[in-house]
Trainee: 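Take this structure, written in structure tokens, and hold onto it; I'll ask about it next.
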Amino acid sequence: MIRLSKHGADTNGFVLIAVLTVLTLLSAMVVVMLGMSRDSIDIAALSGIETKRQAMVQSGLSLAAYELFQLGLPPERVSGGQFRLNDGMIAFTVSTDTAKADLNASGKDLLAAAYMAAGLTTLSPQEFAARVIDWRDENDDISAGGAEGQDYVKLDYLPRNGRFRSVDDLRWVIGLFPEDIKALRRFVTVYNPRGRLNVFAAPASMIAALPKVAPETVDEVLQARSTRSATATDTLDDLLLVQAALIDAAPASTYRIGMELLSNGEVNPRRTEAVIAAGTSPEIPFLVLYRSGVE
């Protein structure tokens, strides 16, 4: 039995997918356990718990995707929701990586803004942006303030001249340190394919770091977007006209879903995280771009 404690969505196949996932995985678990010897019961039980957790995760992602992509709910309405399935419960947090600069798709101004928003000073914002771009571009030409092959020789490796696979790849960019990367995680991603800043979701510090944005403009942007009115997009476009090439007021294309799983008498919740995007067909209602293990 499915019970939703915040939103009562159960249409268009998303929740059905969740239910079928649970039933399929749990049925498979029963078949496996029937074939086990008595000496293997403990191992089977552990395997069964993990199977159940994976079913809960898939069910939770299906529900979150339905609310975000089909119902078009803003992430702040989905975030904080709870999904109860039999003796288990999932609590959601939802954000969007379109509120961050993309290491692969964003240009130098937005990358520099991310570095400024993180409050870092090891490099200048322009140097950071140039080094990210030099790492990912296909040529060996050095940008102003950037770094290419000859700068990396002493480190015994060369720039990839290809895409960042994750934010962790910043550890290879010359001049960055672990504490810098930790601070940058709030402001950079590899899951914002448009490469522009979602002005409805971006933190105030990121908006303030955009070129030629006055402090009073930041306050006006925050006020305008909080209304979620029919005219909010037009107002934001007017306020950030000079920065139009860097911003995006369209609905988010990707979402980061944090989940806490609590089941069958457990005291401490297990946590996992995923990044999802809208699917390509009714048969594929959403795509999982990234998913961490259950911890």
Trainee: What residues form a side-chain hydrogen bond (donor to acceptor under 3.5 Å, both in side chains) with S226, not counting sequence neighbours?
Mentor: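 Residues passing side-chain hydrogen bond (donor to acceptor under 3.5 Å, both in side chains) with S226: none at all.
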Trainee: Using the test side-chain hydrogen bond (donor to acceptor under 3.5 Å, both in side chains), find all partners of D102 that sit at least two apart in sequence or belong to another chain.
Mentor: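 D102 satisfies side-chain hydrogen bond (donor to acceptor under 3.5 Å, both in side chains) with no other residue.
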Trainee: Going by salt bridge (Lys or Arg N to Asp or Glu O under 4.0 Å), name the residues that satisfy it together with R271, two or more places apart in sequence or in a different chain.
Mentor: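 Only E260 meet the salt bridge (Lys or Arg N to Asp or Glu O under 4.0 Å) criterion with R271.
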Trainee: Residues in salt bridge (Lys or Arg N to Asp or Glu O under 4.0 Å) with R270, at least two apart?
Mentor: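 Salt bridge (Lys or Arg N to Asp or Glu O under 4.0 Å) list for R270, sorted by chain: empty.
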Trainee: Which pairs, with at least one residue in residues 141-161 and sequence neighbours excluded, count as a ring pair (Phe, Tyr, Trp, His ring centres under 6.0 Å)?
Mentor: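 Qualifying pairs, neighbours excluded: W135-Y152, Y152-Y157, Y157-W172.
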Trainee: Keeping the roles fixed (side chain from T254, backbone from Y191), state whether a donor-acceptor pair exists under 3.5 Å.
Mentor: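 Yes, T254 side chain to Y191 backbone: donor-acceptor pair under 3.5 Å.
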Trainee: So does D169 pair up with R160, basic N to acidic O under 4.0 Å?
Mentor: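 Looking at R160 together with D169, the answer is yes, because their closest N to O distance falls below 4.0 Å.
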Trainee: Looking at E216, I want to see if its CD is surrounded by more than 12 non-hydrogen atoms of other residues, nucleotides or ligands under 6.0 Å.
Mentor: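 Above 12, so yes.
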Trainee: Restricting to side-chain hydrogen bond (donor to acceptor under 3.5 Å, both in side chains), what partner residues turn up for E273, sequence neighbours left out?
Mentor: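 Residues passing side-chain hydrogen bond (donor to acceptor under 3.5 Å, both in side chains) with E273: R256.
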Trainee: Holding to side chain to side chain contact (heavy atoms under 4.5 Å, CB included), I want the full list of residues that pass it with A114, two or more places apart in sequence or in another chain.
Mentor: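 Residues passing side chain to side chain contact (heavy atoms under 4.5 Å, CB included) with A114: A101, F187, V188, M206.
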Trainee: Applying side chain to side chain contact (heavy atoms under 4.5 Å, CB included), name anything that partners A244, two or more places apart in sequence or on another chain.
Mentor: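 None.
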Trainee: Checking D219 now: which residues fulfil salt bridge (Lys or Arg N to Asp or Glu O under 4.0 Å) with it, not counting sequence neighbours?
Mentor: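 Partners of D219 by the salt bridge (Lys or Arg N to Asp or Glu O under 4.0 Å) criterion come out as none, since no residue qualifies.
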Trainee: Name all residues meeting the salt bridge (Lys or Arg N to Asp or Glu O under 4.0 Å) criterion together with R291; count only those two or more places apart in sequence or in a different chain, and write none if there are none.
Mentor: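 Partners of R291 by the salt bridge (Lys or Arg N to Asp or Glu O under 4.0 Å) criterion come out as none, since no residue qualifies.
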Trainee: Quick one: side chain to side chain contact (heavy atoms under 4.5 Å, CB included) partners of T122, sequence neighbours excluded?
Mentor: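 Checked T122 against side chain to side chain contact (heavy atoms under 4.5 Å, CB included); matches are Y115, F177, D180.
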Trainee: Restricting to side chain to side chain contact (heavy atoms under 4.5 Å, CB included), what partner residues turn up for A252, sequence neighbours left out?
Mentor: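 Testing A252 for side chain to side chain contact (heavy atoms under 4.5 Å, CB included), a comparison that skips the adjacent residues, returns T96, T98, N198, Y255.
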Trainee: For R165, look at atom CZ and say whether over 12 heavy atoms of other residues, nucleotides or ligands are found less than 6.0 Å away.
Mentor: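 Not buried by this count: 12 neighbours or fewer within 6.0 Å.
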Trainee: Does this structure show an ion pair linking R131 with D134, if we count only N-O contacts that are shorter than 4.0 Å?
Mentor: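 The answer is no: the pair does not qualify as a salt bridge.
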